[in-house]
> 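Below is the structure I would like to discuss, written out as structure tokens.
Throughout, a chain's letter reflects where its sequence line sits, starting with A, and its residues are numbered from 1. The structure presented is a predicted model; accordingly, all values stated were derived computationally and were not measured.
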Amino acid sequence: MPDDIYAELEWRGLIHQATDPELGKLLTEEQFSLYCGFDPTADSLHLGGLIQLLGLRRMQMAGHRPIAVMGGGTGLIGDPSGRESERTLLEPDVLEQNIAAIRTQAEKIVDFTPGPAQATMVNNADWLRALTLTDFLRDIGKHFSVNQMVARDSVRNRLQNREQGISFTEFTYMLLQSYDFLHLYRELNCRLQIGGSDQWGNITYGIELIRKVTGGEAFGLTSPLIKGLGGAKMGKSVSGNVWLDPTKTTPYRFYQHFINVEDTRVGQFLRFFTFLSRTEIVELEARAREEPQRREAQKVLAREVTTLVHGAGEAARAERASKALFGSDIAELEEGELLDVLADAPSSTLPQTILRSGTSLIDLLIGAGLATSRKTAREFIGGGGVYINNTKQTDIERTVGEGDLLHGRYLVLRRGKKNHHLVNFG
RNA sequence: GGUGGGAUACCUAAGUGGCCAAAGGGAGCCGGCUGUAAACCGGUUGCGUAAGCUUCGGAGGUUCGAAUCCUUCUCCCACCA
């Protein structure tokens, strides 16, 4: 084990808590099998899950063996950690689909091909569903004290919350995840679990269970949660969750999301989301301080992460599109370029005949989904936020005719700085 | 099973007969400054060009007039059993 992976993670700010101060040393001395669980509550991971995948990969590059655990069994129950309301239970077949989707995402980041540090993937449904209630209560439940369990933050909050209680189902969740760890410890000699800091409680319970049942020693390592990654706010103009699935978040949007990262956080993001070396990152941070207006750190960040998740081809495309959309004159583009640049933008098709007599800009905006009502469409135009082919429009009465089309059939609508829409008059 | 409390726009939360299309805050959106950043400033967030129309958990009623009063239904919470 040549690299000091712990020091590396620490430098990147990826260590929130570790269960043992000796862990760093141990990781340089012996090979570990380590696991991270992935919750199949959706058919794609988002950026928080990406950090964990990258964590597994970083460990793998340091010679350790990652195990990606799909929560097919725990997903049936629902993890109350960090949540203030009860989860909706998922149907087993939905879980299956979600797991399949997440599996392909994991395979892009972590290396599952044979080798000394080969990664494996398992589904905890395989062992959890085989458990019988009586065995579970005798062999696992016996090791947990309810007194301790109710003292946990995630449980206590829900117990004290006047609006939301906690069901027995979710209350039991932590036992299941603990059992996962025990199972992996026994079957795959897995001695380390990593996860977001919200998993600390679940992880330490697992370690304790392993100690009580087998007398063995296991470890836990958590990374900080980045505020806003789950879909809350993160940068003013970026909305919604950022998914790894290209059909849920297009590569262009994905790329843009990182381009828009605030100056104050771009360094942190480079450390969290890329495999760039220390020297490269330090260099980029320095340049970001000196010439922030060039946004070089953001550009490198966006390219790196988009490449990791969507591949070099998509990253290059997103980069080209960004340059064209924010830099050059759209009307100058060749037809092929135009279509390529707007490939990820929403688009719609309308019959060209409606342009004969001219059709109103307001209607086009609504049709394109860039405005929800005539009233708001008027406000956008009046406020100077609407563009046709990147030319600002201020006339509320503006109508669009055949003369406005690019290459005889395209119209690029834009609302605000970042929302483009391609209308194809076929 | 009993008792009490509650349901208001994206979220939170005021409003308890007309001055309410509904305060305040958060969040979003558009604009300005800049650098596709932050901070800040301005505007905006039911529909309609407008007159006006439709909204305050659902249904019905009282009234000239209801988010506000009455009846009933649904759901949520707390305490007691």
> Roughly, in whole Å, what's the span from CD in A:Glu291 to P in B:rG35?
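From A:Glu291 CD to B:rG35 P: 13 Å.
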> With respect to the phosphate group of B:rC30, does any side-chain polar atom (N or O) of A:Lys375 fall under 4.0 Å of OP1 or OP2?
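Negative; the distance criterion is not met.
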> Expressed as a whole number of Å, how far does the P atom of B:rG57 sit from that of B:rU16?
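Looking at atom P only, B:rG57 and B:rU16 are 15 Å apart.
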> Please confirm whether the backbone N or O of A:His143 pairs with a side-chain atom of A:Lys212, one donor and one acceptor, at under 3.5 Å?
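A pair under 3.5 Å: yes.
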> Strictly by Watson-Crick or wobble contacts shorter than 3.5 Å, is anything paired with B:rC79, and which nucleotide is it?
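WC or wobble partner is B:rG2.
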> Between A:Gln52 and A:Ser223, does any side-chain donor sit less than 3.5 Å from a side-chain acceptor?
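Short answer, yes.
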> Nearest-Å distance, CG (A:Leu370) to P (B:rG28)?
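Distance check: A:Leu370 CG to B:rG28 P gives 19 Å.
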> Less than 4.0 angstrom from a charged side-chain N to a carboxylate O is my criterion; do A:Glu319 and A:Lys299 meet it?
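A:Lys299 and A:Glu319: not salt-bridged.
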> Please state how far atom CD1 in A:Ile366 lies from atom P in B:rU49, giving the value in whole angstrom units.
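Rounding to the nearest Å, CD1 of A:Ile366 and P of B:rU49 are 9 Å apart.
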> Tell me the partner of B:rA23, counting only Watson-Crick (N1-N3 plus N6-O4 or O6-N4) or G-U wobble (N1-O2 and O6-N3) with both under 3.5 Å; none if nothing fits.
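With both distances under 3.5 Å required, B:rA23 matches none.
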> Which one is paired to B:rG42, where only Watson-Crick or G-U wobble pairs with both distances under 3.5 angstrom count?
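When the pairing criteria are applied, B:rC30 turns out to be the nucleotide that pairs with B:rG42.
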> Pick the P atom in B:rA67 and in B:rG60, then give their distance to the nearest Å.
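That atom pair is separated by 15 Å.
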> Going by the side chain to side chain contact (heavy atoms under 4.5 Å, CB included) test, name the single residue among A:Asp4, A:Leu27, A:Ile15 that passes it with A:Leu9.
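Looking at A:Asp4, A:Leu27, A:Ile15, the match for A:Leu9 under the side chain to side chain contact (heavy atoms under 4.5 Å, CB included) is A:Ile15.
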> Could you please name the partner base of B:rU54, counting Watson-Crick and G-U wobble pairs only when both distances are under 3.5 Å?
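Across any shown strand, B:rU54 pairs with none.
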> Looking across every strand, which nucleic acid part, if any, lies under 4.0 Å from A:Ser322 by heavy atom: base, sugar-phosphate, or nothing?
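Base: the residue A:Ser322, judged by heavy atoms under 4.0 Å, touches a nucleobase.
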> Between B:rG24 and B:rC75, how far apart are the P atoms? Round to whole Å, please.
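Rounded to whole Å, the distance is 35 Å.
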> Under 4.0 Å, heavy atoms only, any strand: does A:Ser373 hit a base, just the sugar-phosphate, or nothing?
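Sugar-phosphate, no base atom in range.
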> Give the rounded distance in Å between these two atoms: CD of A:Glu379 and P of B:rG28.
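So the two atoms are 18 Å apart, to the nearest Å.
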> What nucleotide, of B:rU34, B:rC29, B:rG35, holds the atom closest to the side chain of A:Phe380?
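Of all the options, the side chain of A:Phe380 is nearest to B:rC29.
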> When you measure from the side chain of A:Arg378, which nucleotide among B:rU49, B:rC30, B:rA38 comes out closest?
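Side chain of A:Arg378 sits closest to B:rU49.
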> Side chain of A:Arg295 only, heavy atoms from C-beta on: which candidate in B:rG32, B:rA37, B:rC47 is closest?
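Among the listed nucleotides, the one closest to the side chain of A:Arg295 is B:rA37.
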> Would you mind reading off the distance between A:Gln293 atom CD and B:rA38 atom C1', rounded to a whole angstrom?
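Taking atom C1' of B:rA38 as the reference, CD of A:Gln293 is at 14 Å.
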> More 5' along RNA chain B: A:Lys417 or A:Gly384, using each one's nearest nucleotide?
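In this pair, the answer is A:Gly384.
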> Which value, in whole Å, describes the distance between the C1' atoms of nucleotides B:rG15 and B:rC69?
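It comes out at 15 Å once rounded to the nearest Å.
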> Can you tell me, in whole Å, how much space there is between the C1' of B:rU34 and that of B:rA50?
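Result for the C1' pair: 39 Å, nearest Å.
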> Select one nucleotide: of B:rU36, B:rG35, B:rG31, the one nearest the side-chain heavy atoms of A:Lys392.
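Within the option list, the nearest is B:rG31.
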> With a 4.0 Å cut-off, would you call A:Asp340 and A:Arg320 a salt bridge?
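A:Arg320 and A:Asp340: salt-bridged.
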> A:Ile259 side chain: which of B:rC30, B:rG35, B:rU36 is closest?
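Selected nucleotide: B:rU36.
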> Is it true that A:Thr104 and A:Glu107 share a donor-acceptor pair across their side chains at a distance under 3.5 Å?
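No, no side-chain donor-acceptor pair sits under 3.5 Å.
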> Taking any heavy-atom pair under 4.0 Å as a contact, classify A:Arg415: base, sugar-phosphate, or nothing.
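Sugar-phosphate, backbone atoms only, no base.
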> Is any side-chain nitrogen or oxygen of A:Arg374 closer than 4.0 Å to OP1 or OP2 of B:rU49?
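Yes, within the criterion.
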> Please classify the nucleic acid contact of A:Lys299 as base, sugar-phosphate, or nothing, using heavy-atom distances under 4.0 Å.
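Nothing: the residue A:Lys299, judged by heavy atoms under 4.0 Å, touches no strand.
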> Give a yes or no answer on whether the side chain of A:Asn389 reaches the backbone of A:Asp404 with a donor-acceptor pair at less than 3.5 Å.
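Between the backbone of A:Asp404 and the side chain of A:Asn389 there is a qualifying donor-acceptor contact (under 3.5 Å).
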> With rounding to whole Å, what would you report as the distance between B:rA59 and B:rU74 at their P atoms?
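Roughly 15 Å separates the two P atoms.
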> Is there a Watson-Crick or G-U wobble partner for B:rA66 with both distances under 3.5 Å, and if so, which one is it?
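Paired with B:rA66, as far as the under-3.5 Å criterion goes, is no nucleotide at all.
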> Using a cut-off of strictly less than 4.0 Å, decide whether A:Asn260 has a side-chain nitrogen or oxygen near OP1 or OP2 of B:rA38.
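Answer no for this pair, as no side-chain N or O of A:Asn260 is under 4.0 Å from OP1 or OP2.
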> To the nearest Å, how far apart are A:Glu319 CD and B:rU36 P?
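Result: 16 Å.
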> Using a strict 4.0 Å threshold on nitrogen-to-oxygen distance, state whether A:Glu285 and A:Arg289 make a salt bridge.
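Answer for the salt bridge query: no.
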> Just how far, in rounded Å, is C1' of B:rG31 from NZ of A:Lys418?
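Spelled out: NZ on A:Lys418 to C1' on B:rG31 is 14 Å.
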> Determine the Euclidean distance between corresponding P atoms of B:rC29 and B:rC10; express it in Å to zero decimal places.
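Each nucleotide's P atom is 16 Å from the other's.
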> Between A:Arg265 (CZ) and B:rA39 (P), how many Å, whole number?
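From A:Arg265 CZ to B:rA39 P: 11 Å.
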> What's the gap between B:rA7 and B:rG52 when it is taken at their P atoms, as a whole Å value?
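Straight-line distance between the two P atoms is 32 Å.
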